[in-house]
2 protein chains.
Amino acid sequence: MNPFNDEYFMKQALVEARAAAAEGEVPVGAVVVCNNQIIARAHNQTERLNDPTAHAEMLAITAAVSVLGAKYLTGCSLYVTVEPCIMCAGAIGWAQLSTIVYGASDEKRGYQEYAPKAFHPKAIVKKGVMEKECAEEMQKFFRQRR
Amino acid sequence: MNPFNDEYFMKQALVEARAAAAEGEVPVGAVVVCNNQIIARAHNQTERLNDPTAHAEMLAITAAVSVLGAKYLTGCSLYVTVEPCIMCAGAIGWAQLSTIVYGASDEKRGYQEYAPKAFHPKAIVKKGVMEKECAEEMQKFFRQRR
């Protein structure tokens with residue numbers, strides 16, 4: 001039995017999402033995995049950095065290419081708690097990530113509605129991994145803000 | 001006669017594009033304009049920063065929100081020499097830029113093909129401003145690489 005499965009890595013992305021919530025950020029977390037190892041982890045920091053581009057996925061991708069010293073993340077997987085937006089989906093495409101795993105869907109801002117062909121054509125997409133937990137983080141956050 | 005017209009600002013974006021070319025970067029340049037003033041300027045730095053997300057528009061947006069201390073760039077215009085990609089179009093949408101002016105179209109990677117609804121629904125889009133000059137920078141760059 002391999003303990004390093006999709007749930008394992010999504011749990012790590014959830015740790016990041018909860019760190020975001022604790023900082024008053026929209027709770028989205030992401031990790032980049034290469035050969036079963038987490039090489040980068042990040043959470044949304046749009047408030048802290050006052051930067052609408054500082055989404056979890058963007059920060060994780062920038063960190064991951066820096067770690068690898070490579071231009072592309074071919075062979076790597078991105079785990080993210082919420083379906084990527086157009087911007088992040090575009091970045092995922094440029095980085096040539098091979099696998100994208102996300103938890104909760106985002107019907108309002110998710111890439112599937114707006115840019116369904118954003119990823120590399122051979123990329124594998126898995127959705128709904130720990131969907132309930134990922135969605136709950138978002139719901140809890142927005143409930144508290146209302 | 002207003003000297004600060006679209007051509008004026010696109011020329012400034014072209015200055016950035018040429019700076020990119022001189023550094024061996026794909027020559028795309030961008031400026032963000034607020035009340036007829038350039039508040040941020042940037043060129044593509046994907047090679048230098050070894051970061052596939054370091055497009056001219058991303059860097060210009062991050063710089064512009066930092067200058068204004070605002071979360072959004074409502075009321076501002078982005079001038080960019082080449083049609084934004086999906087990622088940058090998504091960032092433009094998040095930043096709520098009011099006007100997007102671009103020079104050359106990018107049929108292969110441009111947002112219009114992949115994410116036509118990326119911008120704020122009320123955003124004004126002007127294309128083809130100094131198109132020839134903007135396209136020439138790209139053609140020259142890729143010709144030299146072949």
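We name chains A, B, ... by the order of the sequence lines, and we start the count at 1 in each one.
- Neither the backbone nor the side chain of Glu113(B) has a heavy atom closer than 4.5 Å to any heavy atom of chain A.
- Using bins of under 30°, 30° to 60° and over 60° for the plane-to-plane angle, the ring pair Tyr79(B)/Phe9(B) lands in the tilted bin.
- Heavy atoms closer than 4.5 Å to chain A are found in both the backbone and the side chain of Ala95(B).
- Put simply, Trp94(B) and Phe119(B) are part of two different groups of oily side chains (I, L, V, M, F, W, Y) that touch within less than 4.5 Å, one to the next.
- Residue Ala89(A) does not touch chain B at all, counting heavy-atom pairs closer than 4.5 Å.
- Judged purely by distance below 3.5 Å, without hydrogens or angles, the side chains of His43(A) and Glu23(A) pair a donor atom with an acceptor atom.
- For the pair Tyr72(B) and Gln96(B), the tightest heavy-atom approach, listed with the atom from each and the gap, is CE2-NE2, 3.6 Å.
- Using a 4.5 Å cut-off on side-chain heavy atoms (C-beta onward), Lys108(B) and Asp106(B) make contact.
- If you measure heavy-atom distances from Ala70(B) to chain A, the contacts under 4.5 Å come from the backbone alone.
- Your options are Asp51(A), Leu73(A), Thr46(A), and the one with the most heavy-atom pairs under 4.5 Å with chain B is Asp51(A).
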